[in-house]
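Take a look at the structure set out below.
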There are 2 protein chains.
Amino acid sequence: MAIDGILAKRLDNFVSLDPDEHALLARLTSERVRRSAARTDIVREGEPTHVLRLFLSGWACRYRTLEDGRRQILAFLLPGDLCDLNNYVLSELDHSIGALTPVQYVEIQHDRVAQLMADRPRLAQAFWWHMLTSLSIQREWTLNLSRSAFERIGNLFCELFFRLRAVGLTQGRRYDLPITQIEMAEATGLTPVHVNRTLQEMRSEGLIILKERVLDIPDIAALQQAVLFSPTYLHLRLAAASSSATMGARQVAESG
Amino acid sequence: MAIDGILAKRLDNFVSLDPDEHALLARLTSERVRRSAARTDIVREGEPTHVLRLFLSGWACRYRTLEDGRRQILAFLLPGDLCDLNNYVLSELDHSIGALTPVQYVEIQHDRVAQLMADRPRLAQAFWWHMLTSLSIQREWTLNLSRSAFERIGNLFCELFFRLRAVGLTQGRRYDLPITQIEMAEATGLTPVHVNRTLQEMRSEGLIILKERVLDIPDIAALQQAVLFSPTYLHLRLAAASSSATMGARQVAESG
DNA sequence: CGTGCAATTGATCCATTTCAAGGGCCGTGG
DNA sequence: CCACGGCCCTTGAAATGGATCAATTGCACG
């Protein structure tokens with residue numbers, strides 16, 4: 001899938017865009033592509049930012065570091081994700097954004113976004129949807145407070161599966177998971193050691209196959225059930241998101 | 001403080017509204033006041049909602065219940081807070097909203113909000129600010145994943161202090177905290193038993209005085225420092241919100 | 001060939017949970 | 001007026017999920 005269609009693909013999860021709107025998005029995202037190396041910051045806490053960023057490839061994350069060094073990953077930013085849609089209202093960021101892998105992204109001036117939203121109500125709605133979805137995801141992450149280690153990691157894997165699939169970045173039951181166990185730990189609020197042991201537990205139960213940064217989920221429905229995951233909070237279009245997943249799961253369950 | 005000025009007071013934390021805008025808000029919030037009894041649901045998960053709600057008095061919360069009964073409080077809704085600004089985009093809620101105490105609120109039709117935002121860019125910005133602030137708060141709550149019980153509860157108390165003060169609901173160092181320890185547990189992801197013991201620890205360290213649903217924080221700066229709380233994520237106007245607090249912090253740091 | 005980082009394993013420790021029970025307060029009903 | 005049940009807070013003792021500390025392996029890279 002061409003990189004320049006990824007925003008359209010992402011927003012398409014909410015509204016059906018017409019060719020005209022597709023063209024507008026394509027133009028918007030044909031700016032000079034920027035790159036950041038793995039493990040470098042894209043925006044640092046406290047910095048004023050003036051642009052909206054659209055991620056084209058690679059993984060990034062929002063994170064905050066506490067004074068004593070603990071780091072918490074607040075969200076994963078995947079291809080097709082926007083960030084800092086906000087800061088034409090709030091002028092500075094209260095957390096940082098860092099690249100986990102090499103990433104490509106484009107920067108879009110806020111006034112162009114504002115213009116687009118004013119001209120195209122449907123695109124405006126799509127942007128709102130994107131923002132509200134991040135909020136919804138953030139809420140789901142706070143649910144981790146009452147989840148066990150097993151559930152936290154399982155939920156993370158499920159979420160990533162559905163989000164990546166929505167932009168065409170899964171291969172069947174598999175997807176690239178280019179993050180370390182340390183980063184999984186930072187995202188879930190666990191210790192790397194404990195993440196490791198929990199992964200082994202999930203492996204031994206046959207729920208996942210994780211090897212060389214590729215995650216294979218033999219039976220997504222089984223995993224969902226084991227960790228009480230439900231994808232509704234992602235607000236993906238049902239037709240695309242759930243049906244084939246549950247179908248796939250059913251097939252696997254039958255064949256396995 | 002008059003209840004009908006509370007939204008203006010809240011939004012004033014971000015932009016200075018002129019008398020005209022104050023009047024508009026006053027008209028908007030003069031709808032029939034609705035009431036919900038303590039411990040009842042205002043909106044239930046999955047229900048479609050068509051209105052924006054503004055809370056006038058009492059405490060409510062967003063929460064989600066997992067299949068096995070665990071309940072997680074996702075946010076506290078205080079007087080002056082809006083909820084469901086979202087759902088003119090997302091049509092149904094993925095969590096519930098419940099009253100913790102008797103609450104009063106007004107319902108505002110979405111088209112009136114849309115109209116207002118179209119006519120008054122400054123109000124539109126203020127609404128955006130409100131929404132982005134909730135997102136920011138939600139991020140801060142996910143930070144609890146890497147915080148200890150002591151820090152979680154302390155952070156909660158600090159957040160509530162600053163938020164309540166921003167709408168004039170603190171009395172000096174004190175404020176009404178009309179929730180049970182069980183609810184604190186649900187908000188922080190801890191056990192009621194452990195919340196109880198942690199509260200006693202905070203009391204014994206002289207950080208809080210909590211009696212008969214009134215919380216007294218003798219030295220807010222000391223508490224902030226003890227639990228690594230910083231109010232920036234609330235995006236309150238600095239003049240009103242943080243200056244006195246950070247000044248206090250500096251004093252304590254020097255004297256301690 | 002060393003250096004560094006990610007994954008793994010073992011042993012121990014501790015924060016938090018779980019289970020269980022008692023006390024205070026309050027509204028209700030006999 | 002007192003007895004009762006219900007809810008909230010409190011306390012104790014025991015169990016455990018997850019943290020901490022420490023060390024080993026494997027692999028990629030200069």
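Nothing here was measured: the structure is a model prediction, and the numbers come from that model. By convention in this document, chain letters (A, B, ...) are assigned in the order of the sequence lines, proteins followed by strands, and residues within each chain are numbered from 1.
At a non-hydrogen distance threshold of 4.0 Å, B:S148, B:A149 from residues 145-156 of chain B come into contact with DNA chain C.
Residues forming a side chain to side chain donor-acceptor pair (under 3.5 Å) with A:S134 (at least two apart in sequence, or on another chain): none. Judged as a salt bridge (Lys or Arg N to Asp or Glu O under 4.0 Å), and not counting sequence neighbours, B:R152 has no contacts. Residues meeting the salt bridge (Lys or Arg N to Asp or Glu O under 4.0 Å) test with A:R34, sequence neighbours left out: A:E107. Every residue meeting the side-chain contact (heavy atoms from CB on, under 4.5 Å) condition with A:P102, not counting sequence neighbours, appears here in chain and number order: A:A38. For B:Q72, the side chain to side chain donor-acceptor pair (under 3.5 Å) test picks out A:S146, with sequence neighbours left out.
Put simply, chain A comes within 4.0 Å of DNA chain C, heavy atom to any atom, from C:dA6 to C:dA11, going 5' to 3'.
Between B:W141 and the choices B:L156, B:L74, B:T188, the side-chain contact (heavy atoms from CB on, under 4.5 Å) rule is met once, by B:L156.
Of the inter-residue distances, the one linking A:L236 atom CG with A:R10 atom CZ reads 7.0 Å to the nearest 0.5 angstrom.
The two residues A:L82 and A:L77 have their closest heavy-atom pair at O-CD2, 4.5 Å.
Put simply, B:N196 has no side-chain N or O that comes within less than 4.0 Å of OP1 or OP2 on D:dC9.
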Q) Can you check ring-ring contact (aromatic ring centres under 6.0 Å, His included) on B:F162 and B:F229, steps first, answer last? A) CA-CA 11 Å; B:F162 284 102; B:F229 177 90; 5.6 Å; yes
Q) Which letter, B, S or -, goes with each nucleotide of nucleotides 19-30 of chain D from 5' to 3', with contact meaning a protein heavy atom under 4.0 Å? A) SBB---------
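Aromatic ring pairs are classed by plane angle as parallel below 30°, tilted from 30° to 60° and perpendicular above 60°; the pair A:Y175 and A:F161 is tilted.
Listed by first and then second residue, the salt bridge (Lys or Arg N to Asp or Glu O under 4.0 Å) pairs involving residues 153-163 of chain A are A:D81-A:R163, A:E159-A:R163 (not counting sequence neighbours). Residues in residues 190-208 of chain B take part in no salt bridge (Lys or Arg N to Asp or Glu O under 4.0 Å) pair, two or more places apart or across chains. Listed by first then second residue, pairs satisfying salt bridge (Lys or Arg N to Asp or Glu O under 4.0 Å) with a partner in residues 177-193 of chain B read B:R39-B:E183, B:R71-B:E186, not counting sequence neighbours.
One can place CD of B:Q181 at 8 Å from C1' of D:dC8, the figure rounded to the nearest angstrom. We find that CD of B:Q200 is positioned 9 Å from C1' of D:dC9, with the value rounded to whole Å.
At a threshold of 4.0 angstrom between heavy atoms, the contacts of A:R70 with the nucleic acid are absent.
Remark on the helix from C:dC1-D:dG30 to C:dA21-D:dT10: inter-end axis angle 40°, axes from five-pair C1' superpositions, rounded to 10°.
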